[in-house]
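A quick write-up on the structure given underneath.
Lettering follows sequence order; numbering is per chain, from 1. Because only heavy atoms are used, hydrogens play no part in the values below, and waters and symmetry mates are left out as well, while side chains stay in.
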Amino acid sequence: MSEISDLPIEVTEAPAGEPVLQPSDLVGDVTFGSNAVPEGESRAQRLHRIRHSTAHLMAEAVVSLFPTAKVATGPSIEHGFYYDFDLPRTLTPEDLEEIERRMKKVAKRGMPFQKATMPIAQARELFEKAGQSYKVEVIDTIQEKQNPTEVTLYRQGAFVDLCAGPHVSSTSRLKHTKLTKVAGAYWRGDSNRPMLQRIYGTAWETQEDLDAYLQFLEEAKKRNHKRLGEELDLFHFHKESPGAAFWTPRGFTVVQSLQKYWRELGDRRGYQEIWNPLLYKKDLYVRSGHYEHYKDDMFIIHQEDTEYCLKPMNCPDTFLYYTSKRRSFRELPLRIAEGGILHRNELAGALNGLFRVRQFMQDDAHIFITEAQVQSEIAEVLDIVKEVYSLFGLSYEFTLSTRPEKFMGEPAVWDQAEADLRAALDGGGTVYAVDEGGGAFYGPKIDIKVNDCLGRKWQCATVQLDFQQPINFDMGYTASDNSRQRPIVIHRAVFGTFERFMGVLLEHTAGVLPTWMSPVQAVVVPISDKSTDYAFEVLAKLKAAGLRAEVDDRNEKMNLKIREAELRKTPYMIVVGEREAELGTCSVRTYKDGPRGAFEVSAIVAEIADKVKTREFDVKITPLRSFDNEDEAPVETESEY
RNA sequence: GCCUACGUAGCUCAGUAGGUAGAGCACUUCCUUGGUAAGGAAGAGGUCACCGGUUCAAAUCCGGUCGUAGGCUCCA
């Protein structure tokens with residue numbers, strides 16, 4: 001029956017489970033016609049066609065290896081495809097190799113993809129008879145949602161699948177592919193439904209593209225922030241506190257440089273910082289609604305008869321500050337920052353380096369405003385976002401999320417708020433997407449995502465309007481007419497969390513931090529211990545300028561010291577020998593530009609101090625190529641609004 | 001939380017017909033005083049994640065726990 005069933009099967013155990021017919025056994029009287037491929041497709045469309053077809057090719061190989069396999073769904077995704085299977089046993093790495101071998105064989109043989117159309121009822125019967133219960137469920141969903149009279153099937157070789165297409169003309173187009181990983185995936189993404197086995201693969205038009213992509217994955221691995229954190233001695237993780245970063249002296253220096261900037265920025269932009277407790281009786285969160293909606297994500301401590309919570313966010317306790325006294329309209333906008341330590345009990349399997357942690361610190365702030373101040377204050381916050389991300393050469397995108405189906409408050413207030421958000425975005429000339437119905441139940445929001453070196457998007461900044469908490473906390477202010485009014489709250493974070501932002505920044509720069517953030521901004525390297533005294537003289541001048549510098553006076557050769565400073569990505573390496581000591585100069589080498597020759601000590605101290613003061617982004621960014629849009633330039637390093 | 005894989009020296013890793021552990025880097029000491037990415041020698045360092053089981057014998061086989069990675073789910 002199977003085109004490839006004559007291949008040697010290297011399965012040692014007999015697959016268990018109910019025997020399942022394959023649709024290919026049942027379509028004898030169905031006529032499959034040719035599968036026309038249109039002219040003038042974009043590259044993205046061609047890749048989609050190839051990847052989706054490769055998913056079918058893989059399913060054919062899996063079914064030939066496991067005759068009792070049930071197939072679920074197999075779409076194309078960015079850079080490749082996956083297909084979900086219900087299999088009699090778990091897959092091993094050897095299985096993947098065997099599946100890939102079989103795929104290659106069929107690709108080489110060049111089996112045509114053919115298309116057939118049939119009434120949906122007939123298709124349902126066919127897949128039912130074949131025992132392909134997942135496909136039957138898919139058909140039922142199609143019936144429910146679209147209610148078409150007919151559906152299409154595609155066939156290549158021994159494999160027939162319910163599919164809307166499109167596909168390539170022949171499996172001979174599917175030669176540049178590699179299976180990358182196997183993972184569990186819930187059927188229909190529902191954690192209450194069976195877990196299937198998902199095989200991921202990547203597929204390309206040419207071998208060159210495939211090779212380039214695999215190389216990209218290698219490069220991305222090198223830029224992984226966990227690896228960089230280890231290499232640059234910035235942070236560690238320990239099982240004694242899973243999901244929480246342990247910052248080293250070097251790493252903490254970097255974080256503090258960020259926080260120092262954050263505080264200066266807040267000061268300049270009219271924010272006041274408060275500092276509140278970490279631990280609260282549960283009453284606070286009952287009042288804010290978190291206890292009801294967010295309890296599973298909170299760390300809860302029982303102390304004698306009282307239940308305490310480690311705070312998962314700053315809002316409720318900031319509101320306690322707001323309501324601690326009578327407020328006047330003259331105080332608004334009242335901008336209150338709090339970078340409290342937060343704990344969220346994230347699922348163990350969701351933890352991911354600095355990107356997803358259980359303990360973190362946000363550059364959080366809550367702004368209390370009148371309805372009339374929405375637009376101007378949002379514009380002000382967006383301006384801060386632009387300032388901050390531009391400082392790091394990060395590209396980003398805005399999304400406006402509007403009123404969801406379930407919402408609190410008056411539709412008219414929502415409409416006005418959304419119009420204000422749009423006006424603020426439009427006013428800044430900002431390009432943004434709209435996620436209709438994607439807002440929080442308490443108010444619309446603007447999400448800001450940054451792009452990392454892997455092309456992944458990370459949500460760091462968020463700006464949210466909140467009409468609900470002012471009610472929960474009975475916030476008010478006295479208006480000019482002496483009436484009592486309700487303020488609106490803006491929740492905003494720009495870095496998001498310092499942890500995640502550090503992770504994104506490290507991957508973005510491949511670990512090369514700008515001078516102003518570097519744990520050691522300059523290392524003075526004496527050529528021999530004859531020059532050590534002079535090296536310390538130079539060091540004193542660097543320190544006097546407020547710079548983070550040290551002398552490498554170990555009994556080692558200069559070459560080794562240079563090498564280690566380079567590996568640590570130290571921005572400035574200042575070499576001094578007897579010659580420099582005599583002339584009062586120093587020999588400068590930078591991480592960015594290499595050896596630069598002799599300088600007056602005072603000149604180079606001034607240069608470094610200036611870069612630190614202006615927070616110059618003196619980092620050469622080598623963006624990793626974007627693979628799916630050849631027409632597009634590589635990811636821009638300059639911010640684009 | 002679910003699926004799969006993994007857990008050997010501070011780090012990166014080797015160690016399969018079960019016979020009480022190795023390399024490189026880092027670290028310590030000594031020699032070396034060297035002009036822009038690794039000078040040389042010696043030494044020290046591990047209850048093989050933890051707990052239990054099988055066995056004369058377990059890093060190795062089995063079970064459990066914890067942690068990590070990649071997915072899934074979640075992400076006010």
Return all side-chain donor-acceptor pairs below 3.5 angstrom for residues 233-245 of chain A, not counting sequence neighbours, or 'none' if the list is empty.
unit_1 : atom_1 : unit_2 : atom_2 : d
A/H236 : ND1    : A/E230 : OE2    : 3.4

Show me the side-chain donor-acceptor pairs of residues 574-586 of chain A shorter than 3.5 Å, one per line, residues at least two apart or across chains.
unit_1 : atom_1 : unit_2 : atom_2 : d
A/E580 : OE1    : A/G577 : N      : 2.8

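In this structure, the CG atom of A/D233 is 15 Å from the P atom of B/A26, given to the nearest Å.
Taking the side-chain contact (heavy atoms from CB on, under 4.5 Å) definition, one finds that A/K282 meets it with A/V286, A/Y291, A/E307, A/C309, sequence neighbours left out. Remark: A/E377 engages A/R335 in a salt bridge (charged side-chain N to carboxylate O under 4.0 Å, His left out) (not counting sequence neighbours). Not a single ring pair (Phe, Tyr, Trp, His ring centres under 6.0 Å) links A/Y534 to another residue, sequence neighbours left out. With sequence neighbours excluded, the residues forming a side-chain contact (heavy atoms from CB on, under 4.5 Å) with A/T497 are A/F360, A/Q362, A/E499, A/R500, listed by chain and number. Remark: A/D420 engages no residue in a salt bridge (charged side-chain N to carboxylate O under 4.0 Å, His left out) (not counting sequence neighbours).
The side-chain hydrogen bond (donor to acceptor under 3.5 Å, both in side chains) analysis of residues 242-254 of chain A, with sequence neighbours excluded, yields no pairs.
Ion pairing of A/E231 with A/R227 is present here, as a side-chain N (NZ or NE/NH1/NH2) and a carboxylate O approach within less than 4.0 Å.
Judged by atom type and distance alone, A/R344 does not reach the base of B/A76 through any side-chain donor-acceptor pair under 3.5 Å.
For the segment residues 493-502 of chain A, the set of residues with a heavy atom within less than 4.0 Å of an atom of RNA chain B is empty. Of the residues in residues 178-190 of chain A, those with a non-hydrogen atom less than 4.0 angstrom from any atom of RNA chain B are A/K181, A/A183, A/G184, A/A185, A/Y186, A/G189.
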Query raised in the report: Using Watson-Crick and G-U wobble pairs whose two distances are both under 3.5 Å, how do you write the pairing of RNA chain B as dot-bracket, with | for links to another strand?
Result: (((((((..((((.....[..)))).(((((.......))))).....(((((..]....))))))))))))....

Below 3.5 Å between N/O atoms, which protein atoms pair up with nucleotides 5-12 of chain B? Just atom names and distances, please.
none

